[in-house]
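Encoded as structure tokens, the structure appears first; notes follow it.
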Amino acid sequence: MFLSATVCWVLFASATSGGPGEAKMEYPRVPQALILSLDGNHYLAIERALRTVGFDVHEVNAAGFASWGGGATPLLIIPEQEGRQLDSGFAQTILHDVEAGMPLLLDGPTPLAEALGVKASGARGQILQYHWDHYAAEPVRLPGPIAVDRIRADRALKVLAFASNLQSPLIVSGDRGKGRFVYSAIPLEPRTGMVFQYLPFLAQTIVDELHVAPSLAADNLCVYMDAGDEPKIDPAAAVAQLKSWSVREVHLGAFYSSEAFREFVPR
């Protein structure tokens with residue numbers, strides 16, 4: 001389980017002797033995320049959101065993507081505006097890379113989404129809230145109304161979030177060869193506000209569905225954890241996750257209360 005609550009990690013003194021007068025610092029190892037930007041568009045909201053949860057984010061054009069040599073297979077993000085510009089050859093390259101194991105996050109009705117089994121119905125509608133039942137019993141309430149495309153998803157795909165007023169899936173995931181993808185009808189780059197105001201469980205979905213997560217490593221790691229009024233978080237599982245990261249110290253946020261988390265409070 002990766003914590004669906006907001007988790008911020010801060011490295012305290014973390015040093016091992018590397019010789020007289022030297023200190024060798026250990027830092028978290030973070031996954032790479034590439035945002036496709038064919039014509040130099042900037043996607044600051046999604047970049048900021050991913051950096052907040054531990055990704056090293058880069059914007060790349062077609063040539064930059066083809067020549068990427070950053071090590072492990074990156075998470076590729078394709079906003080709708082970029083997906084609409086993909087030529088058939090580049091789209092096939094991306095599909096081939098997904099089949100080889102590259103995780104993909106995309107939004108909007110594009111030919112690439114259709115090739116993955118997500119088709120726009122041709123109708124649009126407004127939503128003020130929607131259901132993301134795996135993570136929250138209550139609907140996700142948006143800062144304001146947004147217009148989204150109604151979509152039809154292949155039966156093989158997994159519906160993650162649903163707009164009941166439109167009777168339409170909003171977020172789906174699926175497999176393509178060795179790789180996985182997540183599609184969102186809600187824009188990854190909102191016109192106003194922050195990504196997590198519209199997609200509060202996006203980071204958790206990337207972990208659960210795309211199997212991409214930061215790998216923390218430090219001799220002395222201190223974590224601040226805010227449960228975010230999320231009753232589905234199991235404290236024992238959270239402790240096990242933090243322990244696996246070699247966390248030395250945990251600070252629990254007190255903005256919200258949860259019966260399950262009261263066992264952590266000294267009596």
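The residues of the chain are indexed from 1 along the displayed sequence. Hydrogens, waters and symmetry mates are skipped; everything else that's a heavy atom, side chains included, is used. Keep in mind that what you see is a predicted model, and the values were worked out from it rather than measured.
- Between the side chain of R180 and the main chain of P103, no donor-acceptor pair closer than 3.5 Å is present.
- Salt bridge annotation for E99-R176: present, with a cationic side-chain nitrogen under 4.0 angstrom from a carboxylate oxygen.
- In this structure, CG on D149 lies 15.0 Å from NZ on K119, to the nearest 0.5 angstrom.
- Residues passing the side-chain contact (heavy atoms from CB on, under 4.5 Å) test with D56 are V30, Q32, R51, H58, sequence neighbours excluded.
- Side-chain contact between I78 and T110: absent, with no pair of heavy atoms (C-beta onward) separated by less than 4.5 Å.
- Scored by the side-chain contact (heavy atoms from CB on, under 4.5 Å) test, A66 finds no partners at all (sequence neighbours excluded).
- In this structure, Y198 OH and R191 CZ are separated by 10.5 Å, a value rounded to the nearest 0.5 Å.
- Within the 4.5 Å cutoff, the side chain of P111 has no heavy atoms near those of the L86 side chain.
- For the atom pair CZ (R150) and CG (L166), the distance works out to 5.0 Å, reported to the nearest 0.5 Å.
- Here the shortest heavy-atom pairing between L199 and P187 reads CD1-O, 4.0 Å.
- With contacts defined as side-chain heavy-atom distances shorter than 4.5 Å, the pair V60/S37 does not qualify.
- Residues Q126 and V148 have side chains not in contact (no heavy-atom distance under 4.5 Å, counting atoms from C-beta outward).
- Formation of a donor-acceptor pair under 3.5 Å by the Q85 side chain with backbone atoms of Q81 is found in this model.
- Within the 4.5 Å cutoff, the side chain of L95 has heavy atoms near those of the L112 side chain.
- Atom CE of M194 sits about 14.5 Å away from atom CG of L44, to the nearest 0.5 Å.
- The side-chain contact (heavy atoms from CB on, under 4.5 Å) test with I151 is passed by exactly one of S121, P109, S168: S168.
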Test side chain to side chain contact (heavy atoms under 4.5 Å, CB included) applied to V172 and V182, step by step: CA-CA 6 Å; V172 300; V182 169; over 6 Å; no

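- Just one residue in the list T205, L50, L202 forms a side-chain contact (heavy atoms from CB on, under 4.5 Å) with L105, and that residue is L202.
- Under the 4.5 Å side-chain heavy-atom criterion for ILVMFWY residues, no single connected hydrophobic cluster contains both W132 and L128.
- Here P79 pairs with I35, Y43, I77, E82, D107 under the side-chain contact (heavy atoms from CB on, under 4.5 Å) rule; sequence neighbours left out.
- Remark: side-chain polar atoms of E189 are paired, donor with acceptor, to backbone N or O of A45 under 3.5 angstrom.
- Looking at Y130 and S164, their side chains never come closer than 4.5 Å, going by heavy atoms from C-beta outward.
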Intermediate values then yes/no, side chain to side chain contact (heavy atoms under 4.5 Å, CB included), I127 and N165: CA-CA 7 Å; I127 58 171; N165 68 314; 3.6 Å; yes

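- With rounding to the nearest 0.5 angstrom, the CG atom of L104 is 10.0 Å from the CG atom of L36.
- Minimum heavy-atom separation, A62 to F90: CB-CE2, 3.7 Å.
- No donor-acceptor pair under 3.5 Å is formed between the side chain of D208 and the backbone N or O of A203.
- The main-chain N or O of A63 is found under 3.5 Å from a side-chain atom of N61 such that the two form a donor-acceptor pair.
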Test side chain to side chain contact (heavy atoms under 4.5 Å, CB included) applied to L160 and Y183, step by step: CA-CA 10 Å; L160 305 176; Y183 168 90; over 6 Å; no

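- Shortest non-hydrogen contact noted between M102 and L76 is CE-CD2, 3.6 Å.
- When all heavy atoms are compared, the tightest approach of S173 to E209 is OG-OE1, 3.0 Å.
- Taking CG of L157 as the reference point, atom CZ of R152 lies at 13.0 Å (rounded to 0.5 Å).
- Here the side chains of L34 and L75 are not in contact, with every heavy-atom distance at 4.5 Å or above.
- Put simply, the side chain of Q92 never gets that close to the backbone of G89: no donor and acceptor are under 3.5 Å apart.
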Audit row: E47, H42, side chain to side chain contact (heavy atoms under 4.5 Å, CB included) steps and yes/no: CA-CA 9 Å; E47 178 179 343; H42 297 296; over 6 Å; no

